[in-house]
Amino acid sequence: MTEPKKSGSGKMWGGRFSEGTAASVEAFSASIHYDSRLYKYDIAGSKAHAAMLASQGILTKEELATITDGLTAIEKEIDQGTFEFRRELEDIHMNIEKSLVERIGPAGAKLHSARSRNDQVALDFKMYLRDQCDTLILLLDDIRKAFVLLARKYLGNIMPGYTHMQRAQPVQIAHHMLAYYEMFSRDRERMVDCRKRLNLSPLGCAAMAGTGLPIDREQVAKALGFDGVTANSMDTSGDRDYAIEFTSDCTMIQLHLSRLSEELVLWSSQEFDFVNISDKFCTGSSIMPQKKNPDIPELIRGKSGRVVGSLMTLITLVKGLPLTYNRDLQEDKEPVFDTVDTVSASLSIMAELLENLSFNTTRMLDATKTGCITATDLADYLVLRNVPFREAHGIVGRAVAYCLEKGCELPDLTLEELASFSKEISKDVYEVLSVEGSVNSRISTGGTAIQRVEEAVTAAEKKLGIA
Ligand code: ARG
């Protein structure tokens with residue numbers, strides 16, 4: 001009798017192979033150096049899977065106990081940094097399973113019944129992303145809170161609002177802060193929504209067609225905190241919508257942070273001198289002793305490039321992939337991990353920076369005193385006196401040109417000068433030409449009048465539970 005041939009590669013899947021894997025291939029295809037991040041989810045998933053196999057009679061109670069203990073021991077070693085990850089075992093799933101088999105023998109080899117790495121990796125990834133959604137929601141709450149605190153602190157202080165980066169209309173600083181509060185509130189809603197949509201368990205779809213073994217997918221889903229199970233095994237095996245959606249939602253957060261960063265960079269320049277970013281968040285120059293650079297907003301602005309890049313990576317990864325699982329999908333993790341790290345760190349440091357930010361209110365108010373910033377108010381004044389808006393726009397335009405030529409502002413003009421542009425203009429015009437009058441006239445819903453903004457601050461405080 002001839003000896004049965006040994007599995008050539010020594011791999012867990014090596015049965016049909018007669019040659020070992022090339023070292024170059026092992027190096028090229030391994031993902032353990034980054035997917036080890038998923039170990040807790042992999043172990044929790046395996047424990048729930050094993051418990052289900054036991055209640056379905058596929059594992060004995062004793063086998064379940066040894067598997068559970070073995071997995072607990074492995075988790076402890078990984079926690080402590082003493083577990084030896086092996087590149088030749090490719091990924092986190094194989095590393096854990098192989099180690100389990102080495103520890104407990106045949107029972108360990110039964111764990112992978114009714115399961116494939118395809119549904120296993122989807123399970124781990126979804127559980128990981130679910131936690132990241134929760135963490136990001138908390139970080140978003142921190143930054144929303146920082147904006148509301150600033151809005152409350154500077155309620156009543158006025159600054160120029162800009163369009164085209166030109167002074168447009170005077171607004172409250174608080175109104176500007178609450179604009180960001182709204183942006184990050186939408187980001188929060190998106191995260192909640194993303195979590196809800198991804199929270200269906202893929203486990204039990206096996207490779208892609210389901211399994212003939214008598215499993216109970218719902219039991220596993222319930223044990224792992226899922227709202228239910230996915231409906232189609234083929235869809236599930238190749239689905240990465242949730243990773244793309246998550247990264248897209250993160251991209252939106254980073255874009256909002258980047259716009260804010262741009263404003264902070266501008267506002268902290270000597271040209272603007274609107275804000276003081278605490279020394280703790282700035283750095284100096286190695287050559288120019290006078291410099292205080294806003295590196296943190298700059299870095300956050302710069303890091304939006306990598307987040308957008310990750311989103312592009314994921315989208316491109318899935319484009320043109322036939323159903324169902326393809327190894328290409330292993331490339332989904334690094335961009336997601338990098339996005340999680342980048343966006344969490346950016347959100348958290350920006351919230352801290354905002355807590356240490358102060359506005360130069362005199363300088364900001366002064367900036368509203370030039371550039372005929374209340375011109376729209378003059379036009380509205382004429383509209384209330386029955387002048388068609390387009391005509392009023394022309395009248396005010398001519399008055400502005402006159403001011404520019406004279407080198408003065410609209411409120412500096414005498415009543416006689418103002419009335420020369422329209423007979424509808426009388427003494428009360430000066431009320432609308434004042435910056436305060438202008439701001440407080442904007443009482444439309446969502447407008448910058450003090451009473452509207454105060455209501456908005458109070459509503460936000462209530463939502464955040466800081467009232
Ligand atoms: N490491 C793989 C990944 O991340 C796990 C799934 C591998 N499945 C397979 N049939 N080779 O996608």
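Both ligands and their constituent atoms are indexed starting at 1 by order of listing. If you read the sequence from its start, that first residue is 1, and numbering goes on from there.
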Q: Provide the number and element of each atom of ligand 1 under 4.0 Å from a heavy atom of Asp91.
A: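 Counting atoms of ligand 1 from 1, those under 4.0 Å from Asp91 are 1 (N), 2 (C), 5 (C).
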
Q) Which ligand 1 atoms are under 4.0 Å away from a heavy-atom of Ser31? A)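 Selected atoms, number and element: 1 (N).
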
Q | Intermediate values then yes/no, side-chain hydrogen bond (donor to acceptor under 3.5 Å, both in side chains), Trp267 and Glu262 | A | CA-CA 9 Å; Trp267 290 354; Glu262 171 70 12; over 6 Å; no

Q.
Please report whether the ring centroid of Phe83 lies less than 6.0 Å from that of Phe85.
A.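 Judged by ring-centre distance (under 6.0 Å), Phe85 and Phe83 do meet the cut-off.
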
(Q) So that I know where these two stand, are Phe184 and His256 an aromatic pair - ring centroids less than 6.0 Å apart? (A)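 Judged by ring-centre distance (under 6.0 Å), Phe184 and His256 do meet the cut-off.
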
Q | Heavy-atom nearest neighbour in the protein, as seen from atom 3 (C) of ligand 1, with distance rounded to 0.1 Å | A |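 Protein heavy atom at minimum distance: Tyr325 OH, 3.2 Å.
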
Q: For atom 11 (N) of ligand 1, grab the closest protein heavy atom and report residue, atom and distance to one decimal in Å.
A: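 For atom 11 (N) of ligand 1, the nearest protein heavy atom comes out as Arg117 NH2, 3.5 Å.
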
Q: Check whether any N or O atom of Gln330, backbone or side chain, sits under 3.5 Å from an N or O atom of ligand 1, and answer yes or no.
A: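 Yes, Gln330 has an N/O under 3.5 Å of an N/O on ligand 1.
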
Q.
Is there a polar contact, in the sense of an N or O pair closer than 3.5 Å, between Asn118 and ligand 1?
A.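 Looking only at distances, the answer is yes, because the N/O contact criterion of under 3.5 Å is met.
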
Q: Compute the minimum heavy-atom distance from Lys333 to ligand 1 and say whether it is under 4.0 Å.
A: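 Yes, that is the case, since the closest heavy atom of the residue is under 4.0 Å from the ligand.
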
Q) In terms of side-chain geometry, is the basic nitrogen of Glu26 or Arg87 positioned less than 4.0 Å from the acidic oxygen of its partner? A)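 Answer for the salt bridge query: no.
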
Q) Among all residues two or more places apart in sequence or in another chain, which pass the side-chain hydrogen bond (donor to acceptor under 3.5 Å, both in side chains) test with Ser185? A)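 If we apply the side-chain hydrogen bond (donor to acceptor under 3.5 Å, both in side chains) test to Ser185, skipping adjacent residues, the hits are Arg144.
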
Q. Between the side chains of Gln120 and Arg117, is a donor N or O closer than 3.5 angstrom to an acceptor N or O?
A.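 On atom types as modelled, these side chains do not qualify, holding no pair under 3.5 Å.
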
